[in-house]
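If you're wondering where the values come from, they're calculated on a predicted model, not measured in any experiment. Read the numbers this way: they start at 1 and go in the same order the structure lists the ligands and their atoms. The figures here come from the full heavy-atom set of this structure, side chains too, leaving out hydrogens, waters and symmetry mates. Residue numbers count from 1 along this sequence.
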Amino acid sequence: MPDGPIDLHTHSAVSDGTETPTQLVRAAVAAGLSALAITDHDSTAGWQEAFTAAAETGLTVIPGMELSTNYGPASVHVLAYLFDPNNGEVVAETARIRDGRLHRAERIVERIAADYDLTWDDVLAEASDGSTLGRPHIADALVRKGHVPNRSAAFESILHWRGGYYEKYYAPSPLEGVRMIVGAGGVPVLAHPATHSKYRAMEDGVIRQLADAGLFGLEVGHRDNTEDGKRWLLKLAKKFGLEVTGSSDYHGEGKPNRLAENSTSPEVLAKLVERGTGTAPYVG
Ligand code: AMP
Ligand code: FE
Ligand code: FE
Ligand code: ZN
């Protein structure tokens with residue numbers, strides 16, 4: 001594989017990124033990446049387009065997904081790589097999550113519409129067909145209507161979980177998620193597990209349980225992890241024999257995160273590729 005940073009966490013318009021998988025791959029090539037994982041929320045619908053776009057570019061595409069899970073009140077994201085996208089449980093469970101997200105978004109919009117000029121059609125206009133719907137699409141509609149200046153402002157006000165309109169959506173537990181991904185030949189990594197300084201979603205013992213169930217690594221390099229949290233994660237990685245990754249969580253123009261602002265070592269990627277048996281990486 002050529003030199004160049006490895007970015008294992010990015011989104012396209014198949015979920016809440018602003019670029020098509022083709023545009024995402026082009027951005028990765030332009031940024032000089034050697035490997036890119038496409039990890040849309042609860043969907044594998046962008047894989048084929050990303051592979052096609054990477055042909056003869058020298059870029060390796062790692063097919064992935066960011067699986068939504070719930071741990072008590074916390075939304076915990078599990079990055080999943082190289083699993084079989086046709087695995088029955090994966091197909092059924094991700095369909096269930098996407099359906100739950102859709103109806104939850106409708107209910108959130110219904111409540112916002114009581115206070116602001118906003119319709120469900122306004123939100124649908126911000127999402128590409130069949131994409132995994134989320135608050136970012138509602139945010140984009142609020143921006144277009146002039147209620148807030150940008151996505152981030154929407155998340156800090158109307159869409160905040162304490163903003164008065166929030167509700168959760170169905171998702172499996174992190175343990176169920178990890179077991180499902182491992183069962184589909186995939187490689188699970190806990191996404192941005194230390195974003196809050198005072199409040200840690202998961203106790204050490206739960207992460208140990210996930211490690212025992214086949215968790216491969218922890219995403220330590222992520223702009224939303226606190227410095228204190230990163231130290232905690234590095235200790236846990238050592239204690240439980242987990243690998244350490246770093247990634248951008250790029251969403252195109254939807255977030256300030258830039259490709260390769262955090263990256264993963266070639267050694268860790270090699271181990272990840274060795275572990276995954278559900279789908280091969282695409283070497284462009
Ligand atoms: P949801 O899954 O619908 O609850 O929405 C959460 C998603 O919104 C995450 O996947 C993030 O990508 C995105 N998000 C969270 N906070 C922000 C923010 N401040 N600005 C832009 N996007 C955000
Ligand atoms: Fe997102
Ligand atoms: Fe996430
Ligand atoms: Zn993400």
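- Shortest distance from the Zn ion (ligand 4) to His11 is reached at NE2 (N/O/S atoms only).
- Nearest protein heavy-atom neighbour of atom 11 (C) of ligand 1: Lys255 NZ, 3.5 Å.
- Remark: Asp42 does not engage Arg98 in a salt bridge, criterion side-chain N to carboxylate O under 4.0 Å.
- Note on Asp249: its N/O/S atom closest to the Zn ion (ligand 4) is OD1.
- Ion pairing between a basic and an acidic side chain is recognised when a charged N comes within 4.0 Å of a carboxylate O; Asp140 and Arg151 show such pairing.
- A distance of 6.0 Å or more separates the ring centres of Tyr81 and Trp47.
- Inclusion of His192 in the first shell of the Zn ion (ligand 4) is not supported: no N, O or S atom falls under 2.8 Å.
- Considering Tyr166, Phe155, Trp161, Tyr169 only, the shortest heavy-atom separation from atom 17 (C) of ligand 1 involves Phe155.
- Closest to atom 20 (N) of ligand 1 among all protein heavy atoms lies Ser152 OG, 3.5 Å.
- Counting atoms of ligand 1 from 1 in the listed order, those under 4.0 Å from a heavy atom of Arg104 are 1 (P), 3 (O), 4 (O).
- Applying the 4.0 Å criterion to heavy atoms of Gly254 picks out, from ligand 1, the atoms 21 (C).
- Cation-pi geometry between Arg258 and Tyr250 is not satisfied (NZ or CZ under 6.0 Å from the ring centre, within 45° of the ring normal).
- Numbered from 1 in the order shown, with element, the atoms of ligand 1 that lie under 4.0 Å from a heavy atom of Gly134 read 3 (O).
- Ring geometry for His147 versus Tyr116: interplanar angle over 60°, hence perpendicular rather than tilted (30 to 60°).
- Other residues, nucleotides and ligands place more than 12 heavy atoms under 6.0 Å from the CZ atom of Arg111.
- Distances from the Zn ion (ligand 4) to each N, O or S atom of Glu66 single out OE1 as the nearest.
- The shortest heavy-atom distance from His11 to ligand 1 is not under 4.0 Å.
- Tested against Glu49, the residues Ile38, Thr22, Val25 include a single side-chain contact (heavy atoms from CB on, under 4.5 Å) partner, Thr22.
- The residues Glu19 and Arg26 are annotated as not salt-bridged, no charged nitrogen and carboxylate oxygen being separated by less than 4.0 angstrom.
- Regarding atom 6 (C) of ligand 1, its nearest protein heavy-atom neighbour is Arg135 NH2, 3.7 Å.
- At the shortest separation from atom 9 (C) of ligand 1 among protein heavy atoms lies Asp16 OD2, 4.0 Å.
- Side-chain contact between Trp161 and Glu167: absent, with no pair of heavy atoms (C-beta onward) separated by less than 4.5 Å.
- Inclusion of His77 in the set of residues having an N or O under 3.5 Å from an N or O of ligand 1 is not warranted.
- Put simply, His251 stays out of reach of the Zn ion (ligand 4), with no N, O or S atom under 2.8 Å from it.
- Taking the N/O/S atoms of Asp16 in turn, the shortest distance to the Fe ion (ligand 2) belongs to OD2.
- Each of Glu219, His9, Arg223 was compared with Ser247 under the side-chain hydrogen bond (donor to acceptor under 3.5 Å, both in side chains) criterion, and only Glu219 meets it.
- Of all protein heavy atoms, the one lying nearest to atom 12 (O) of ligand 1 is His251 NE2, 2.8 Å.
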Steps toward salt bridge (charged side-chain N to carboxylate O under 4.0 Å, His left out) verdict (Lys230, Glu227): CA-CA 5 Å; Lys230 286 179 192 175; Glu227 290 309 313; 3.3 Å; yes
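- The shortest heavy-atom distance from Arg101 to ligand 1 is under 4.0 Å.
- The proximity of His137 to ligand 1, defined as any non-hydrogen pair under 4.0 Å, does not occur for either the backbone or the side chain.
- In this structure, Arg208 fails the cation-pi test against Phe240, since its NZ or CZ atom is not both closer than 6.0 Å to the six-membered ring centre and inside 45 degrees of the ring normal.
- For His251 atom NE2 and His41 atom NE2, the angle they make at the Fe ion (ligand 2) is roughly 130°, to 10 degrees.
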